[in-house]
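Presented below is the structure to which this report refers.
Because only heavy atoms are used, hydrogens play no part in the values below, and waters and symmetry mates are left out as well, while side chains stay in.
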Number of protein chains: 2
Amino acid sequence: MEQKVDTRSRILDIAEAAVLEKGFEATSIEEIVAGADISRGGFFYHFKDKNALARAMLERYIEVENALYDDLFARARELNDDPLHCMLIGLKLLAEMLEEMPTGHPGCVIASTAYQDRLFDEGVRELNRQAILGWRKRFRGMFEEIAKVYEPREPVNMDALADMVSGVVEGGLVLQRALREHNNASEQIMLFRTFLKLLFSPTT
Amino acid sequence: MEQKVDTRSRILDIAEAAVLEKGFEATSIEEIVAGADISRGGFFYHFKDKNALARAMLERYIEVENALYDDLFARARELNDDPLHCMLIGLKLLAEMLEEMPTGHPGCVIASTAYQDRLFDEGVRELNRQAILGWRKRFRGMFEEIAKVYEPREPVNMDALADMVSGVVEGGLVLQRALREHNNASEQIMLFRTFLKLLFSPTT
DNA sequence: CTCCGACTGTACTGCGAGTCCAGTTGACGC
DNA sequence: GCGTCAACTGGACTCGCAGTACAGTCGGAG
């Protein structure tokens, strides 16, 4: 049973690296089993089909991403108790993290999944949906805390503002991928930060 | 020769609809030729392979999108000569247009292409890149006009601000696709508009 | 010693991309 | 009216990859 966990996550590691680099469809099972040094039969022992692999990858990815956000904003909170400054510091840390990744960010599986929809079953799509709704809830909560302290200068839809965090990151990653530049995502986050500063700045 | 143009664009129509709905890889040539009522041989007569099809689709799509932006901001200019207000009106029109699309927006081929990278050759990727750089140039020009009249309240990187238009649209479309909601993209654009209003509002 | 979970290995089906090519059809130029 | 050429049709084929089926192996827990 040691082996089971081991091999399974080894497959996920290899698959994730390949998928983030080339896309899901362009990654063959042949290639994964070669990388993980197992037989084709071994692969299908762990995953019913490619869909099951996609599902497991998404689950793991979302978990990691959530842990990352938890950690990021916890660190931000330690540095400053004010909800607005906590948000601003958290976003700064996020931008820095994205910038530090040498090969550029691995690219977000969410967008990739969204645009290859029909390749996946309903379970995978629903997982994707729930992940984004989770982030909406997370950031909405944070923005409500901020709004309690700082009256927004313009009326905003809180759900949309929360979605903008995800949207700006996703959009930035799309640009980055397409342009072959490497800091678009972090620049976009920094601009969003500027937006928040202006939106919640005291009305003199 | 009438036929040639006719059949070719009929293939592109069918393919575009299918690809926007299901993604490129999930769309088979079989299905395209059935829809266009031609033989497999006929398809390969017009397009060397799926890559050539992708390239032609992208070219057409980018042209349409550029014409759309031209038209949108020309209409906005007619309504108001001030560069900031022209931008704000143009974005409003864009948001409304996205909202009016009954099935939600067809989804942006750019993002889809970016995330399926290795499926395509260098030509397709470069086309994609140039399209985004074109939008950067377009919006950067507009923002520079605005900045001549209105001093930005916070320092911003003009290229990044220009990219934010594309990024917010792309990001919004990703959310929309993944969430199965229908107005995320337009909401994101409206939020970006709020950002611009705050950024370029007269410093009291 | 035996059972079981984690595999290996092989052989097979089926699908879709892409190739090759021989033949048809209709418009146009002469 | 005849040849030519572009725009196809239709069919046969190869290849790579997903997925199925299943028989056999191997090592550790009981």
For atom CG of B:Leu53 and atom P of C:dG16, their distance in whole Å: 16 Å
Rounded to the nearest angstrom, tell me the gap between atom CD1 in A:Ile11 and atom P in C:dC7. 8 Å
Can you measure A:Phe24 atom CZ to D:dA18 atom P for me and round it to whole angstrom units? 9 Å
Between C:dC7 and A:His46, is there an OP1 or OP2 to side-chain N/O distance shorter than 4.0 Å? yes
Please determine whether a side-chain nitrogen of the Lys or Arg among B:Arg75 and B:Glu78 lies less than 4.0 Å from a carboxylate oxygen of the Asp or Glu. no
So which pairs with a foot in residues 153-173 of chain A pass ring pair (Phe, Tyr, Trp, His ring centres under 6.0 Å), sequence neighbours left out? none
Distance in angstrom units between B:Glu25 CD and C:dA17 P, rounded: 8 Å
Expressed in angstrom and rounded to an integer, what is the separation of A:Phe43 atom CZ from C:dC7 atom P? 13 Å
Is A:Glu154 atom CD crowded by more than 12 heavy atoms from other residues, nucleotides or ligands, each under 6.0 Å away? yes
Whole-Å distance between C:dA17 C1' and B:Lys48 NZ? 12 Å
Side-chain donor or acceptor of B:Arg40 under 3.5 Å from a matching atom on the base of D:dG10? no
Identify whether the distance between the nearest side-chain nitrogen and carboxylate oxygen of A:Glu144 and A:Lys148 falls below 4.0 Å. no
Can you check whether A:Thr7 has a side-chain N or O nearer than 4.0 Å to OP1 or OP2 of C:dC7? yes
Where does the angle between the aromatic ring planes of A:Phe143 and A:Phe200 fall among parallel (under 30°), tilted (30 to 60°) and perpendicular (over 60°)? parallel
Round to a whole Å and report the spacing from CZ of B:Phe47 to C1' of C:dT19. 18 Å
Rounded to whole angstroms, how far apart are CZ on A:Phe44 and P on C:dC7? 15 Å
Between A:Gly41 and A:Thr27, which has a closest nucleotide on DNA chain D that is more 5'? A:Thr27
Please check the phosphate of D:dA7 (OP1 and OP2 only) for any side-chain N or O of B:Tyr45 closer than 4.0 Å. yes
Listed nucleotide nearest any side-chain atom of A:Ser39, set D:dT9, C:dG9, D:dA18: C:dG9
